[in-house]
Colleague: 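Okay, here's the structure, questions in a sec.
All chains are named by letter (A, B, ...) in the order of the sequence lines, taking the proteins before the strands, and each is independently numbered beginning at 1.
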Number of protein chains: 2
Amino acid sequence: MNKTIENPKAPFVPNYLLYLLAAASEAASARFHSHVRTRGLRVPEWRVMACLTDTDGSMVTELARYAMIEQSRLTKIIIQMDARGLVSRRSDPKDGRRVRVFLTPQGRTLADELVADARAHELELLKSFQGGDGTEIKDTLRALIRHLESDQPDQADGTASLAGNAEIADS
Amino acid sequence: MNKTIENPKAPFVPNYLLYLLAAASEAASARFHSHVRTRGLRVPEWRVMACLTDTDGSMVTELARYAMIEQSRLTKIIIQMDARGLVSRRSDPKDGRRVRVFLTPQGRTLADELVADARAHELELLKSFQGGDGTEIKDTLRALIRHLESDQPDQADGTASLAGNAEIADS
DNA sequence: CCAAGAAACATGAATTTTCATATAAATCTT
DNA sequence: AAGATTTATATGAAAATTCATGTTTCTTGG
């Protein structure tokens, strides 16, 4: 049932890099994302929380880039998270246009738990996948991201990844 | 020693495999996706078209798995594409529950063009990235996908990737 | 200092997506 | 062969997302 016998030649989709990247991302994330939902968060909310554990107090625009979420969408997500007590929004005293986003104590507790879960999940995955710590695949992905961002500077969706920001290699 | 304050050490997000996969996918796709929109398609529609170039006449459920789109959402997308004349839907004579989806002549013309564009874009990307044909990164991604799908059979979103289906390695 | 422009967020309307469930057609059971 | 189950797709209401644009607050040149 799985074999595509109709097509005698190489199929396009399963060999297409952009498909493989998307499929790998989805497949790798599926389990953890459903864990996240179990904890009462949607995926974009989890992304915001995770980013804030790295850069608590970022402004909305920064956070949008980090979390790969379009700005106006992020604003709405943050407002909801604020209402739920997960984050708080304070305008920057130095620049009234900016809104800085902080984890509340409750938000931090949840974020820390989930980050711990994410790390554990990642470890398991990497161990079961190739037995290593993932240095190789991660380096490849980072190189790809860096390549794409340098060589092709403008992003259609106005987001940009953070991967160039890793200050210290994964241990 | 001092771990109470903001973590100046390795940030979590930029070293997290699931982030790197998502970011790489987004970064690699951004340009081509905006080309797709230029041609009047949204990304999910492009995915449907691309899948149909491989497996014209699939039923909705199959297509949903191939294109990584949830079934009820795909149904709606297909209805729109039908209305636009890109695909046609015919119920399977052998099994009246099934709806088979075919590219119309117009749809095929557009699909073929875009697949050609996608191949060209992929070639350029791979050439500029590591000079090769992408065998290495593709093999890694396929291995990861296969690993995830075997080891962790149930997908939260009811989708599954196609990557195991490649009968012929990329040329 | 003022006007013009830019930057940072917010907002609203149109559209999409999600989730649960309805409908319909096969298949299985006994 | 009737009823029960399963499979395939559709549907509706609620919610999220998108896109263009509005508002407010800096910044800068004159």
Side-chain angles (χ1 to χ4, degrees), chain A residues 1 22 26 30 33-34 36-38 40-48 55 57-84 86-102 155-160, chain B residues 22 26 29-30 33-34 36-38 40-48 55 57-84 87-102 154-160:
Chain A
M1 184 211 195
E26 289 241 346
H33 284 176
S34 77
V36 162
R37 283 183 280 264
T38 284
L41 293 180
R42 286 170 298 143
V43 170
E45 293 169 335
W46 149 242
R47 288 191 170 152
V48 168
T55 59
S58 346
M59 45 186 283
V60 172
T61 303
E62 290 169 350
L63 206 48
R65 289 221 318 276
Y66 291 0
M68 305 191 292
I69 298 174
E70 188 271 333
Q71 178 264 314
S72 74
R73 183 183 165 197
L74 178 62
T75 290
K76 288 167 185 173
I77 290 169
I78 284 173
I79 289 171
Q80 293 179 330
M81 295 175 75
D82 189 345
R84 284 181 59 187
L86 296 171
V87 302
S88 69
R89 308 188 299 148
R90 324 210 270 271
S91 78
D92 187 321
K94 295 287 186 190
D95 184 341
R97 294 169 302 180
R98 300 182 173 179
V99 170
R100 301 209 165 266
V101 185
F102 298 86
Q155 297 264 19
D157 61 358
T159 65
Chain B
E26 289 241 346
S29 301
H33 284 177
S34 75
V36 162
R37 283 183 281 264
T38 282
L41 293 180
R42 286 169 298 144
V43 170
E45 293 168 335
W46 148 242
R47 287 191 171 152
V48 168
T55 60
S58 338
M59 46 186 283
V60 172
T61 302
E62 289 169 351
L63 206 49
R65 289 220 319 276
Y66 291 1
M68 304 192 291
I69 297 175
E70 187 272 333
Q71 177 266 316
S72 74
R73 183 184 166 196
L74 178 62
T75 290
K76 288 167 185 174
I77 289 169
I78 283 173
I79 289 172
Q80 293 180 331
M81 293 175 75
D82 189 344
R84 284 180 58 187
V87 302
S88 69
R89 308 187 299 148
R90 323 209 270 271
S91 78
D92 187 321
K94 297 287 184 189
D95 184 339
R97 295 168 300 179
R98 299 181 174 182
V99 171
R100 300 210 165 265
V101 185
F102 298 86
D154 62 302
Q155 298 263 20
D157 61 358
T159 66

Colleague: Identify the pairs formed between an N or O of the protein and an N or O of nucleotides 26-29 of chain D at a distance under 3.5 Å, and give each distance.
Modeller:
| residue | atom | partner | partner atom | Å |
| --- | --- | --- | --- | --- |
| D/dC26 | OP1 | A/G96 | N | 2.4 |

Colleague: How long is the line joining CZ of A/R37 and C1' of C/dC19, in whole Å?
Modeller: 12 Å
Colleague: With respect to the phosphate group of D/dA10, does any side-chain polar atom (N or O) of B/R89 fall under 4.0 Å of OP1 or OP2?
Modeller: yes
Colleague: C/dT16 phosphate, OP1 or OP2: any side-chain N/O from B/R42 under 4.0 angstrom?
Modeller: yes
Colleague: Quick one, A/R42 with A/E45, criterion salt bridge (charged side-chain N to carboxylate O under 4.0 Å, His left out). Give me CA distance, side-chain angles, the key distance, then yes/no.
Modeller: CA-CA 5 Å; A/R42 286 170 298 143; A/E45 293 169 335; 2.9 Å; yes
Colleague: At 10 degrees resolution, what angle do the end axes of the helix from C/dC1-D/dG30 to C/dT30-D/dA1 form when each is taken over five base pairs?
Modeller: 30°
Colleague: Using whole Å, report how far CE of A/M59 lies from P of D/dT25.
Modeller: 15 Å
Colleague: In a check of side chain to side chain donor-acceptor pair (under 3.5 Å) between B/D92 and each of B/R97, B/R100, B/R98, which one passes?
Modeller: B/R100
Colleague: If you compare all heavy atoms of A/V101 against all heavy atoms of A/V87, which two are closest, and at what distance to 0.1 Å?
Modeller: CG1-CB, 3.9 Å
Colleague: Measure the distance from CZ on A/R73 to C1' on D/dA20 and round it to the nearest whole Å.
Modeller: 18 Å
Colleague: Expressed as a whole number of angstroms, how long is the span from B/E62:CD to D/dT9:C1'?
Modeller: 13 Å
Colleague: Measure across A/S91 and A/G96 and return the closest heavy-atom pair with its distance rounded to 0.1 Å.
Modeller: CB-O, 4.4 Å
Colleague: Nearest-Å distance, CD (B/Q71) to C1' (C/dT21)?
Modeller: 12 Å
Colleague: Could you state the CG-P distance from A/L74 to D/dC19, rounded to the nearest angstrom?
Modeller: 16 Å
Colleague: Of all the heavy-atom pairs spanning B/R73 and B/P44, show the shortest one and how long it is.
Modeller: NH2-CG, 3.5 Å
Colleague: I'd like to check A/T55 versus A/E62 (side-chain heavy atoms, cut-off strictly below 4.5 Å). Are they in contact?
Modeller: no
Colleague: Taking atom CD1 of A/I79 and atom CG of A/L74, what is their separation to the nearest 0.5 Å?
Modeller: 9.5 Å
Colleague: Taking the side chain as every heavy atom from C-beta outward, state whether A/L86 and A/L41 have any pair of such atoms under 4.5 Å apart.
Modeller: yes
Colleague: Below 4.0 angstrom from OP1 or OP2 of C/dT11, is there any side-chain N or O of A/T75?
Modeller: no
Colleague: Taking the side chain of B/V99 as its heavy atoms from C-beta onward, which of D/dA16, D/dA10, C/dA8 lies nearest to it?
Modeller: D/dA10
Colleague: Show the nearest heavy-atom pair for residues A/L63 and A/S58, with the distance to one decimal.
Modeller: CD1-OG, 4.0 Å
Colleague: OP1 or OP2 of C/dT16 versus the side-chain N and O atoms of B/Q80: is any pair under 4.0 Å?
Modeller: yes
Colleague: Check the distance between C/dA8's P and A/R65's CZ and give it to me in whole angstrom.
Modeller: 10 Å
Colleague: Using a cut-off of 6.0 Å, state whether more than 12 heavy atoms not belonging to B/R89 lie near its atom CZ.
Modeller: yes
Colleague: Show your working on side-chain contact (heavy atoms from CB on, under 4.5 Å) between A/V36 and A/R47 and close with a plain yes or no.
Modeller: CA-CA 10 Å; A/V36 162; A/R47 288 191 170 152; over 6 Å; no
Colleague: Any protein N or O atoms within reach of nucleotides 12-14 of chain C? Criterion: under 3.5 Å, listing atom names and distances.
Modeller:
| residue | atom | partner | partner atom | Å |
| --- | --- | --- | --- | --- |
| C/dG12 | O6 | A/K76 | NZ | 2.6 |

Colleague: Tell me: CD of A/E70 to P of D/dT21, nearest whole Å?
Modeller: 14 Å
